[in-house]
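Below is one structure, written out as C-alpha cells; comments come after it.
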Protein chains: 2
Amino acid sequence: MKNSDKHEKIIRAAVKVFAKKGFFSARISDIAKAAKVADGTIYLYFNNKFDILISVFDEEIGKFIAQTKKLVDQEENPQRKIEVFALKHLAMAKENKSLAEIIQMELRQSHKLIKEYRKTIFSEYVDIISSIIRQGQTKGIFRKDVKPGIAKRAFFGALDEMTRLWVLSPKPPYDIEDTAKQISNIFLQGINAV
Amino acid sequence: MKNSDKHEKIIRAAVKVFAKKGFFSARISDIAKAAKVADGTIYLYFNNKFDILISVFDEEIGKFIAQTKKLVDQEENPQRKIEVFALKHLAMAKENKSLAEIIQMELRQSHKLIKEYRKTIFSEYVDIISSIIRQGQTKGIFRKDVKPGIAKRAFFGALDEMTRLWVLSPKPPYDIEDTAKQISNIFLQGINAV
DNA sequence: TGCCGCTAAATGAATAAGCATTCATCGCTG
DNA sequence: CAGCGATGAATGCTTATTCATTTAGCGGCA
C-alpha cells in the first residue's frame, strides 16, 4: 500500500471527525477508526494531533483559494468578478460541508499557530476581493471613498456568516445561488459610483 | 464575604483566562489563581468547567443585547438605527475585548449546547437588524426585493468580521467610528430604494 | 465586653479518568 | 529471510473533580 493512500485516508477521516466533534474533543482513536488504520499508524504520517489539523488546512484550503483566483481571473467586469467570488465561496461551503465547518470552528482558536495561519492564508483570500475593488475604482465603476481594506472584510464577513448558517443547519435554508446573488447585489449597489 | 463577590470574581477571571488560552486549554487552576481562590472553591459556585463558560455567556451577553435594543429604539429613522447598531457593536468589541474574543472563538464550537446557544441568543440579536430592515421597507426607504433574513446576516457578518480583526490584532488597525460609518454606509446604499 | 461553640465557606492535596504518544512485536513482500 | 510498514496494548502525563480538614463569622451567654 502506497504512502499517499494512507496519508490521504487519514486526512479525509480527520476532516470528518474534526467537523463532528471539534479538534479538542476528537480522539486520535476516532480518526484512526474512521480511517481504518491503527492508532499508531497515524504517527507514521503525522507528528502529532495538531499537525493533522494543520495539514488539513494546508492541503485543502490552498486548493480552494487557487480555484477561486482562477475563476475570478476569467471574468473581465469587476462587478461580475464579485458575483463569481460570492458564488464560489458559498458553493464550496455547500459541497464541502465538513471542511467549511472546520474552518468556521477551528481557524478561530486562540492558538498562536492558528492565528498566524489566519493572517497569512486568509489575507491571501480576502485580498482577492480588495484587488477587485481597486480595479473597479480605477475604472470609475466603484466609489472612490470606499476603503478596500474595510470593504473586503465586510463582503467576506457577509459570506462567512451565511456559511455559518449552512454549517449550523442540517439543511441549507436558502438557495446558494439566490443567496450569492442577493449578497453581491447589496454589496455592489453599496459600493457603486453614483 | 458574600456569595455574589466570589461568583463575580470567578466569572471575571474566567473571561480573562478563556480569552487568553481558549476554553479547552484553560485550566481550572488558572482560573482559580486569577480569581485568587482555591481550585475547590470554584465548584461551590459552578457545577463544572463548561458551566463556567455558559455562565459567562448568560450573564454578559444578555446585558449587551438589552443595551443595544434600547439604543436602537431611541432612534426614529431606520437608517440612523442601522448606524447606531453598527457603532454599538464595534464599540462593545473594543471596550470588552476579552469577551469579544470568547464570543469569536468559543461560541463557534461544535458542542451541542453551544450550537443551541448560538441559535437562540444570536437570533435575538440579529433579529434587531431584520426588524429595522422591515420597518424601512414599510416606509418605502429600503428596497422591497431585499430579503431581511439574508440582509441581516450580511450586515451582522460584516461587523463580526471587523470584530475579528480587532481581536486578532494587538491594536485596532482602524478607527471604530470610521469603520462603523463605512460599513453602515455601504450597507445602507446597498439596500436603499432607488 | 469577651468568650464559646456552631455552621457554612473555603482550601488544596489526593484521586482517578482520559487520552496522546510510544514501541515491542508482527506479518507481508520481494 | 531481511526489511519495512503496520499494529494496538501499555505508558505516563495532564487535569477536572472530590472531600477531609481548616478557617472565619456570628449569635448567644455569663
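To find a chain, count down the sequence lines: A is the first, B the second, and so on, and within it residues start at 1. Computed from a predicted structure; not experimentally measured.
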Side chain to side chain contact (heavy atoms under 4.5 Å, CB included) partners for A:Asp51, two or more places apart: A:Phe46, A:Asn47, A:Asn48, A:Ser55
Nearest-angstrom distance from the residue atom NE2 of B:His7 to C1' of C:dA9: 16 Å
With A:Phe156 via ring-ring contact (aromatic ring centres under 6.0 Å, His included) - residues at least two apart: A:His89, A:Phe122
Enumerate donor-acceptor pairs with a distance under 3.5 Å from any side-chain N or O in residues 14-38 of chain B to protein atoms, sequence neighbours excluded.
from    : atom 1 : to      : atom 2 : distance (Å)
B:Lys21 : NZ     : B:Asp30 : OD2    : 3.2
B:Asp30 : OD2    : B:Arg27 : N      : 3.0

A:Phe46 CZ to D:dA6 P, straight-line distance once rounded to whole Å: 12 Å
Name every donor-acceptor pair, under 3.5 Å, that has one atom in a side chain of residues 71-81 of chain A and the other anywhere in the protein, sequence neighbours excluded.
from    : atom 1 : to       : atom 2 : distance (Å)
A:Asn77 : OD1    : A:Gln79  : N      : 2.8
A:Gln79 : NE2    : A:Asn192 : OD1    : 3.2
A:Arg80 : NH1    : A:Glu83  : OE1    : 2.7
A:Lys81 : NZ     : A:Val72  : O      : 3.3
A:Lys81 : NZ     : A:Glu75  : O      : 3.0

Separation of atom CG in B:Leu44 from atom P in C:dT7, rounded to whole Å: 19 Å
Qualifying residues under side chain to side chain donor-acceptor pair (under 3.5 Å), relative to A:Lys139, sequence neighbours excluded: none
Gap between atoms NZ and C1', on B:Lys6 and C:dA10 respectively (whole Å): 6 Å
Residues forming a side chain to side chain donor-acceptor pair (under 3.5 Å) with B:Gln189, sequence neighbours excluded: A:Arg143
Distance, nearest 0.5 Å, that separates CG of B:Leu107 from CG of B:Leu53: 8.0 Å
Quick test: give all pairs of protein nitrogen or oxygen and nucleotides 15-20 of chain C nitrogen or oxygen below 3.5 Å, distance rounded to 0.1 Å.
from   : atom 1 : to      : atom 2 : distance (Å)
C:dC19 : OP1    : A:Arg27 : NE     : 2.5
C:dC19 : OP1    : A:Arg27 : NH2    : 2.6
C:dC19 : O5'    : A:Arg27 : NE     : 3.3
C:dA20 : OP1    : A:Ala26 : O      : 3.4
C:dA20 : OP1    : A:Arg27 : NH1    : 3.1
C:dA20 : OP1    : A:Lys49 : NZ     : 3.3
C:dA20 : OP2    : A:Ile28 : N      : 3.0

Contacts of type side chain to side chain contact (heavy atoms under 4.5 Å, CB included), residue A:Lys94, not counting sequence neighbours: A:Trp166, A:Ile176
Identify all pairs in which a protein N or O lies below 3.5 Å from an N or O of nucleotides 8-10 of chain D, and state each distance.
from  : atom 1 : to      : atom 2 : distance (Å)
D:dG8 : N7     : A:Gly40 : N      : 3.1

Member of A:Lys69, A:Arg118, A:Lys119 meeting the salt bridge (Lys or Arg N to Asp or Glu O under 4.0 Å) criterion with A:Glu124: A:Lys69
Set of side chain to side chain donor-acceptor pair (under 3.5 Å) partners for B:Lys88, sequence neighbours left out: B:Gln67
Euclidean distance, atom CG of residue B:Asp5 to atom C1' of C:dA10 [Å, nearest integer]: 14 Å
Results of side chain to side chain donor-acceptor pair (under 3.5 Å) for B:Lys152 - residues two or more places apart only: B:Asp127
Atom-pair distance (CD1 on B:Ile42; P on C:dG12), nearest Å: 12 Å
Estimated bend of the helix from C:dT1-D:dA30 to C:dG30-D:dC1 (axis per five terminal pairs, rounded to 10 degrees): 10°
Length of the OH-P vector between B:Tyr45 and D:dT17, whole Å: 18 Å
